[in-house]
Amino acid sequence: MLIYIVFFMIFVGVTVALYQVYEIHYNINVGNDKKLSKADKNRLKTLSDQAKTTQQNHAWADFDQVAANALGSEFNRDIALAAFSEEEAGSYAIPLLRRKKRLSFNGVREGAERNRIKVRHLPFWKTTLPNVNIRAALITLVIVNCFLVQLLAAMTVYTISYPISIPFLAWLNEPLIVMLVIYAFIFMSLLVSKFDRYMHDLYQLGKLFNKKAV
């Protein structure tokens, strides 16, 4: 009975791995705002609408008030306007709302000196905004993990009739061990997906501050 449960869980693992590839592409191309809180979704709409009005009517006071409520009273107005006036919200506005609490400006005028803008990853760990976009490498890693999960699942069927005799690969003959390895790859892909969204947000913010610094 246990072996049937193991094979069922392996099948579930393959399905989850395929879904992870779909999900990371969906989040990139369609669902980037799905990871915002309800409050930030409301701020996104309000700030985007107000940014359009400001560009048309130069009603700075109204935009300043809305931006101050969402981002803090000291946040640079020009950077906020640049972020929320972009047609594609995922370029700057969504990353800014998602990571605004992690930014530290060290008393400088935001955007004036990008190299002094810090990101607080942990209470004791700060870095500058990244200059390199590692998204392609991380997506590739998720795809490779998915391929390995499928390969391992196929091996559990293959070894039923043709057990592997090579000593360091003998664990492939044990479906339970293979199942555990498959779920280890799935967990790794989950962490990589979260890390990808985090690092890409910071990379986009680096582009935003660079854009306003020049």
Side-chain angles (χ1 to χ4, degrees), residues 23-139 192-214:
E23 183 182 39
I24 195 169
H25 282 281
Y26 177 83
N27 287 337
I28 291 170
N29 298 307
V30 181
N32 195 29
D33 64 332
K34 300 294 183 184
K35 303 302 180 180
L36 287 177
S37 66
K38 184 177 180 180
D40 278 339
K41 285 182 180 179
N42 291 334
R43 293 186 185 105
L44 175 62
K45 184 179 186 310
T46 301
L47 281 161
S48 298
D49 291 344
Q50 192 61 55
K52 292 177 182 177
T53 302
T54 298
Q55 287 185 319
Q56 293 169 359
N57 304 327
H58 303 286
W60 286 105
D62 293 338
F63 180 79
D64 286 353
Q65 184 60 49
V66 175
N69 292 338
L71 304 172
S73 59
E74 296 182 355
F75 198 89
N76 185 280
R77 179 184 69 179
D78 293 334
I79 289 178
L81 183 63
F84 291 98
S85 60
E86 281 284 328
E87 184 175 347
E88 178 54 58
S91 296
Y92 304 124
I94 291 175
L96 180 56
L97 287 172
R98 202 150 45 199
R99 310 302 173 188
K100 61 184 183 294
K101 293 182 180 178
R102 294 189 176 275
L103 299 179
S104 173
F105 300 100
N106 298 328
V108 302
R109 184 178 181 273
E110 296 88 323
E113 298 180 54
R114 178 192 178 280
N115 62 337
R116 292 186 60 188
I117 298 170
K118 301 293 185 180
V119 183
R120 187 182 67 257
H121 305 286
L122 295 170
F124 52 86
W125 183 29
K126 291 183 180 181
T127 67
T128 57
L129 291 165
N131 291 311
V132 179
N133 188 3
I134 60 173
R135 165 156 278 182
L138 295 177
I139 294 173
V192 169
S193 297
K194 291 181 178 297
F195 184 65
D196 165 68
R197 187 166 59 248
Y198 178 73
M199 290 303 297
H200 190 69
D201 280 355
L202 298 182
Y203 173 74
Q204 288 299 110
L205 292 180
K207 287 174 60 179
L208 172 63
F209 289 114
N210 268 341
K211 177 180 178 180
K212 296 308 297 180
V214 295

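One is the number of the first residue; the rest follow in order along the sequence.
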Trainee: CD of Glu86 to CD of Gln204: how many Å apart, nearest 0.5 Å?
Mentor: 9.5 Å

Trainee: With side-chain contact (heavy atoms from CB on, under 4.5 Å) as the criterion, how do Leu103 and Leu205 come out once you've worked through the C-alpha distance, each side chain's angles and the decisive distance to 0.1 Å?
Mentor: CA-CA 10 Å; Leu103 299 179; Leu205 292 180; 4.2 Å; yes

Trainee: For the CZ atom of Arg43 and the CD1 atom of Ile94, what is their distance to the nearest 0.5 Å?
Mentor: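 Output value for this atom pair is 14.0 Å.
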
Trainee: Any side-chain heavy atom of Phe84 sitting closer than 4.5 Å to one from Leu96?
Mentor: yes

Trainee: For Ser104 and Lys126, what are the C-alpha separation, side-chain angles and deciding distance, and is it a side-chain contact (heavy atoms from CB on, under 4.5 Å)?
Mentor: CA-CA 9 Å; Ser104 173; Lys126 291 183 180 181; 3.6 Å; yes

Trainee: Just verifying a value: how many Å separate Leu208 CG and Tyr203 OH, rounded to the nearest 0.5 Å?
Mentor: 12.5 Å

Trainee: When you look at Thr128 and Lys118, which way does the side-chain contact (heavy atoms from CB on, under 4.5 Å) test go after all the steps?
Mentor: CA-CA 5 Å; Thr128 57; Lys118 301 293 185 180; 3.5 Å; yes

Trainee: Using 0.5 Å steps for rounding, measure from the CG atom of Asn42 to the CG atom of Leu47.
Mentor: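 Result: 11.0 Å between the selected atoms.
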
Trainee: With rounding to the nearest 0.5 angstrom, report the CG to OG1 distance, Leu129 to Thr127.
Mentor: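 Output value for this atom pair is 7.5 Å.
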
Trainee: Is there a salt bridge (charged side-chain N to carboxylate O under 4.0 Å, His left out) between Lys45 and Asp49? Walk through the geometry before answering.
Mentor: CA-CA 6 Å; Lys45 184 179 186 310; Asp49 291 344; 3.0 Å; yes

Trainee: Please work out whether the ring planes of Phe75 and Phe209 are parallel, tilted or perpendicular, with thresholds of 30° and 60°.
Mentor: tilted

Trainee: Starting at NE2 of His200, measure out to CZ of Arg99 and round the result to the nearest 0.5 Å.
Mentor: 11.0 Å

Trainee: Show your reasoning for whether salt bridge (charged side-chain N to carboxylate O under 4.0 Å, His left out) applies to Arg102 and Asp201.
Mentor: CA-CA 11 Å; Arg102 294 189 176 275; Asp201 280 355; over 6 Å; no

Trainee: Going through the distances and angles, do Tyr198 and Arg98 end up as a side-chain contact (heavy atoms from CB on, under 4.5 Å)?
Mentor: CA-CA 9 Å; Tyr198 178 73; Arg98 202 150 45 199; over 6 Å; no

